[in-house]
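First up is the structure itself, then whatever we jot down about it.
Each chain gets a letter, A, B and so on, in the order the sequences are listed, and its residues count up from 1. Note that the structure is a prediction, hence the values are computed from the model and not measured.
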Amino acid sequence: MSEPVYEIEVEIRNVEGLHMRPAMQFVDTASRFDSEIQVYNDETSVDAKSIMQMTMLAATCGTKLRIKAVGDDAEQAIEALRHLVEVKMFDETPARQGDTGIMDGRL
Amino acid sequence: MEIRKGVAVSPGIAIARAMVIDSRDYRIPRRSILPSQRGREVQRVHEAFDRAVSQLIALEQAQAGRENQIKDIFAVHVRFLHDDSFRRRITEFVEAELVTAEYAVSTILREIASHFAGIDDEYISERAADIYDIERRLLTQLLGEVRQEVEHLKEQVVIVAHELTPTQTAGFNKTFVKGFATEAGGRTSHTAIVARSLGLPAVVALEDVTSSLTSESIVIIDGNRGVVIIDPDAQTLEEYQNYARELTRFEVELSSIRDKPAVTRDGVEIELLGNIEFPNEAVMAKEKGGVGIGLYRTEFLYLYSGTEPAEEDHYEAYAEVSRHFEGRPIVIRTMDLGADKLPYAARHMGESNPVLGLRSIRYCLQNLTMFKTQLRAILRASVLGDIRVMFPLIGNLQELRQAKMILRDVMEDLDEYAVPYNPDIKVGIMIETPSAALTAALLASDCNFFSIGTNDLIQYTLAVDRGNEHVATLYSAADPAIFNLLRSVIHDANKARIGLSVCGEVAGDPEYIMLLLGMGVRTLSLAPPMIPEIKQIVRSVTIKECNHLARKVGTMDSQRQIKNFLRDAATRIIPEAF
């Protein structure tokens, strides 16, 4: 029996990009799940649970990341990370004020 | 085997395993470990990580209840230290490359930091600072462990470092530390001072010597020749062990002539004085048989406090030396630093050529408040004994007169407050620029004595920086140009009947003693540890043969010819010294 696989594409929208603190939040969120989680930025793929690798992705504002989770809680993991990146935006300032259409999203 | 040339700052020979102390403030050099040490080195990485984590958690907790960025920073750093892939990258580097934990930490973190710095986004690129912070924290742990080790040594070692700080040396277990070698530093560096006060050999200015060592390296520190030999071959090791034994035997032998006079076989008395840097070195100068201080360097007063020394600081330092040499000459040289070396000379801007720039007497003449403070202290001390004052780097008569005028001003100030001083204090100058040497007859009319500072005189005359390895071989006292200059200065001083001494390194070099005596020098001021050996030479020669030798040198046309001739002559007189 193969494990569940979920995949999603998100866009980094806070001004400062995936710098240290957002990366920490991302890693903390990913680490709550048992699934293997990989993050892809073009050709590069890194372990979502490693802060070193995540920060080295150097995802700036506007970067589109693909997140892939494999495991029993893969679906929940993907949803939590999407929420963090696109909805909470790491509790930081979005790039374009008033562009709330994205924020409201599909919750 | 690797031979490195540096600057000898404290004599003697030490042979022992090298204990390398890296500094987190400098690039950590690549240093190899043995395959058998892999496990231990990886363990050191883990321990450093674990201790750094505990430290960070404590720091984070101290910020508890506060929502602030500092707390976030600590939290991020803890995540890094908990990141297995990060830690693995370092331990794998140690295992694959066989390098020290320090080097692996420094290399990997710098790789990560440069990755950030290269990203064209200011928020991301600034993150390099966090990485450097983590690097420092880990290195602090690793280096702290080394410091612990030095404090609890169980076997003899020589300490090799970029540079040593007072805090580091204060913790050394001195029973087991046998010598020092540093990449940075000069004659006045902290390492030099500590080594001399402990009587341990030391060589400084060894560029990147720490990168040539492994933790198992055996090192020979030759504080007489300024050489450090890394992992000597069996033959060299044996030679040095014999040399060290020979030196010890020779020293014992020499100590017996301590109380004998420095008189040549034909009855001419030679005055042997000590060059000192610190007040407590006066003790050694006396123990070694020095009959006074021919050069009391005062730069330490300006370098060690971090602020400009007060008059009392000067006075106490001078008074302390005078207690050891009551009634004997003590020549105090006024501040001889470049503006670039003075930590509090804030208004000073970078100079493109400090050796030819604002330094020494030039700086003093432009900073009269500071200069007068020192002169006041020297004058006040002048009633304690035969205290003399000497101005360095005098380039012309004008400068000498200016300096003397300021000395008179200070005397008048003291008169006003009825502070006692010796109004007839002897005033001398260093002859260390070609211009002073060439106008010595003029200068002699306006001062009581000359002291020839051969080190700078050679540097300025031959236009050679001996610290520059590409031209260092051109630097030699055995140069016909130097011979001619010395001869004319000595002639001018004798003609004017003023005092004359030589206080540069040649005065403590066995090879040059006969030449100096033959040229008419009767007072030598040298590093105290060399006094017994030089006295032995003085007692073994006649002025007649020295005169003959000097005349012969006057006919020679090259450094090589002079050098070989002097060496042969000295070897015949006192073979033990070579």
So A/Met20 and B/Phe80, do their side chains get closer than 4.5 Å, heavy atoms only?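 When only atoms from C-beta onward are counted, A/Met20 and B/Phe80 do touch, with a gap below 4.5 Å.
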Measure B/Phe116 against the heavy atoms of chain A and call it side chain, backbone, both or neither at under 4.5 Å. side chain
Would you mind checking chain A against chain B for donor-acceptor pairs under 3.5 Å and listing them?
{"from": "A/Asp28", "atom 1": "OD1", "to": "B/Arg79", "atom 2": "NE", "distance (Å)": "2.7"}
{"from": "A/Asp28", "atom 1": "OD2", "to": "B/Arg79", "atom 2": "NE", "distance (Å)": "3.2"}
{"from": "A/Asp28", "atom 1": "OD2", "to": "B/Arg79", "atom 2": "NH2", "distance (Å)": "2.6"}
{"from": "A/Ser50", "atom 1": "OG", "to": "B/Asp83", "atom 2": "OD1", "distance (Å)": "3.2"}
{"from": "A/Ser50", "atom 1": "OG", "to": "B/Asp83", "atom 2": "OD2", "distance (Å)": "2.5"}
{"from": "A/Ser50", "atom 1": "OG", "to": "B/Ser85", "atom 2": "OG", "distance (Å)": "2.8"}
{"from": "A/Ile51", "atom 1": "N", "to": "B/Asp83", "atom 2": "OD2", "distance (Å)": "2.8"}
{"from": "A/Met52", "atom 1": "N", "to": "B/Asp83", "atom 2": "OD2", "distance (Å)": "2.8"}
{"from": "A/Gln53", "atom 1": "NE2", "to": "B/Ser85", "atom 2": "OG", "distance (Å)": "3.0"}
{"from": "A/Met56", "atom 1": "O", "to": "B/His115", "atom 2": "NE2", "distance (Å)": "2.7"}

Below 4.5 Å from any heavy atom of chain B, which atoms of A/Ala59 appear? Answer side chain, backbone, both or neither. backbone
